[in-house]
Amino acid sequence: MARRNEEVEALLREYADLVAITGGDAFKARAYEKAARAIGGYPADVSALDAEGLREIPNVGRSIAEKVAEYLRTGRMAVVEERRAMIPAGVRELISIPALGPKKALRLYEDLHISSVDELAAAIEADALADLKGFGEKTQENIRHGIELLRRAGARVPLPSALDTAEEIVAELSGVTGCRRCAYAGSLRRMRETVGDLDVLVAAERSARFMEALCELPVTAEVVARGTKKTSVRTGKGLQVDLRVVPPESWGAAMQYFTGSKAHNIRTRTIAVHLGLKLSEYGLFDAESGESVASRTEDEVYARLGLPWIPPTLREDRGEIEAALRGELPEVVTERDVRGDLHTHTDLTDGLASLEAMVEAAAERGYAYYAVTDHAPDLYMQRMTEEKILAQRERVRELDGTRRRMRLLHGTELNIGPEGEVDWPAEFLAGFDLCVASLHSHFDLSREAMTRRLVRACENPYVDVIGHPTTRLIGRRPGVDADWDEVFAACARTGTALEVNSQPDRLDLRDEDILRAKAYGVKFAVNTDAHAVPHLGQLRYGVATAQRGWLTRDDVVNTWPLTRLRRFLRRPGRS
DNA sequence: GCCGTTTTCGGCCCGACTGTTTTCAGTCG
């Protein structure tokens, strides 16, 4: 369920954007952004705090605390509403276009009265920007491309936001009298990286109460269609929700049918036909007699088709049917299998929480080990020094084993330079228990140069894991261009793991790339890259992505016992 | 607007890159 922290975070971010667009003090906008981040990353629920309690949160001072308290009390924040009245909502939408910031957005609005992405696209099409200062040919082309990127992801919703909405709806409908079962299905159950609409299923004898309940939920903004078997609504954020109510005896067949994917369903239905059966959302039936042969559980339906139950994350018709028929379905990694996180930050660099707070929260998750990997100095903005990281190492050693006997690894997140070089010399790197190395700049090298760069990083004996390997941001930035087959081969050859980064806007590597890399014998690390305590919980997205890439425990180094992991993190010159 | 082991004022992650405004503004990480 969504905490109010996320609501407040979104509101403060909106205010920060509006301040930036209306040309307010840039530092003020930054202050609101920092406060938004801090509240989103704050472990406790803000709705339990008053203004004084709110001020305990770093980067929340008197003014912001009062505004947040006002919002929590009244559901409104006056200053936000004032700014909203000055600037149409569509203008803020403009700055979500990569390459377009607040200054250009305001110019477009003031000079050409453009106040939506659609209007901007039309204006570029009509060559209406030609005389606008600061909008040369290249800039226009960049904006055009940015709009394309935005639209490609546009209609789909990020996984966490879809999951929050779905869980809220399932919780509400589960409480309605007569509810026998309630769950979400569709691409959300398959944990695709973005979700187009929500499919919610209810098993009950009568449907009317559920249809009514859905239409009256607080998240429902608009009723699209309302019937006895199916009702569709749209949420305030524009996400369509389809509710299906089925008889309890059809539950398994309905879950199977509505989970999909379409391609997977076509395969299962074809198998049914060959067996003289017919598969629908109501059950598996004998084609001639029409008699039901299976429908109560998914297990039962798959079994009658001669298949084991297939995890939803595998149902994409990427070979899972064939593997299942051969009895070779992988036993995919689960969140419970993960023994530790190998990529996390603290407030020594750009994290929000102290080392102690992160370690405490990790221990509470029941981890056997946990790595602290703050940024290295080549990411200038983090102001890292040898002294600072050595002091941190000392503290890590002190804390090692003191929280639920969780073992601590001291690491760093290195920057892979344009030539594949990293921040520190070998003798200094040798002091770390592990090194993650990631791209943070120079994303537009040629394919050859990018490949060489990544391969060199793999060949560095101190680099154990390549962090967020493609550096894509879902819907905002494509991954870097490289010959990935060559990179995967290098990872396998050098024993360098690839990260499956769990941040929901990264999910990097993504499922298809994982499948390809796995074929080379590459090992993986499913990490959160947490910058705050609540981020540790984002592991579920990384694990789901790993599942979608068919990874087993053996493929994922941070499911291994510490002794095996330490052998993998070989330190040259140390036995 | 926030913050303080130099500071209650005067800083604020700071440098790279890009395109275009021929000396710099805007965007990004």
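Naming: A, B, ... by sequence-line order, numbering from 1 per chain.
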Are any protein N/O atoms closer than 3.5 Å to N/O atoms in nucleotides 1-9 of chain B? If there are, list each pair with its distance.
residue: B:dG1; atom: O6; partner: A:Asp25; partner atom: OD2; Å: 3.3
residue: B:dC2; atom: OP1; partner: A:Gly61; partner atom: N; Å: 2.7
residue: B:dC2; atom: OP1; partner: A:Gly61; partner atom: O; Å: 3.3
residue: B:dC2; atom: OP1; partner: A:Ile64; partner atom: N; Å: 3.1
residue: B:dC3; atom: OP1; partner: A:Asn59; partner atom: N; Å: 2.6

Nucleotide N/O to protein N/O under 3.5 Å, stretch nucleotides 16-18 of chain B:
residue: B:dC17; atom: OP1; partner: A:His442; partner atom: NE2; Å: 2.9
residue: B:dT18; atom: OP1; partner: A:Asp444; partner atom: OD2; Å: 3.0

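No salt bridge links A:Asp45 with A:Arg4; every basic N to acidic carboxylate O contact stays at or beyond 4.0 Å.
Rounded to a whole Å, the CG atom of A:Asp378 is 12 Å from the C1' atom of B:dG15. Distance A:Arg30 CZ to B:dG29 P: 14 Å, rounded to the nearest Å. Computed from coordinates, the A:Leu129 CG to B:dT20 C1' distance equals 15 Å when rounded to whole Å.
In this structure A:Asn527 satisfies the side chain to side chain donor-acceptor pair (under 3.5 Å) test together with A:Glu499, sequence neighbours excluded.
Each of B:dT27, B:dT21, B:dG29 was ranked by its minimum atom distance to the side chain of A:Lys103; first place goes to B:dT27. Closest to the A:Thr139 side chain, of the nucleotides B:dG19, B:dG29, B:dG26, is B:dG19.
Ring geometry for A:His531 against A:His375 counts as tilted: the plane angle lies between 30° and 60°, on a 0 to 90° scale. Using cut-offs of 30° and 60° for the angle between ring planes, the A:Phe432 and A:Phe428 rings count as perpendicular.
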Practice item. Please step through side chain to side chain donor-acceptor pair (under 3.5 Å) for the pair A:Thr451 and A:Asp483, ending with a clear verdict. Key: CA-CA 6 Å; A:Thr451 306; A:Asp483 180 342; 5.6 Å; no
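Pairing each heavy atom of A:Ala492 with each of A:Tyr520, the nearest pair is CB-O, 3.2 Å.
Stacking of A:Arg477 on the aromatic ring of A:Phe443 is recorded, both the 6.0 Å distance cut-off and the 45° axial limit being met.
In this structure, A:Ser161 OG and A:Leu239 CG are separated by 6.5 Å, a value rounded to the nearest 0.5 Å.
Among the atoms of the strands shown, only primed sugar atoms or phosphate atoms (P, OP1, OP2) are found under 4.0 Å from some heavy atom of A:Arg477.
Shown here, B:dT8 forms no base pair; nothing in the strands shown gives a Watson-Crick or G-U wobble contact with both key distances under 3.5 Å.
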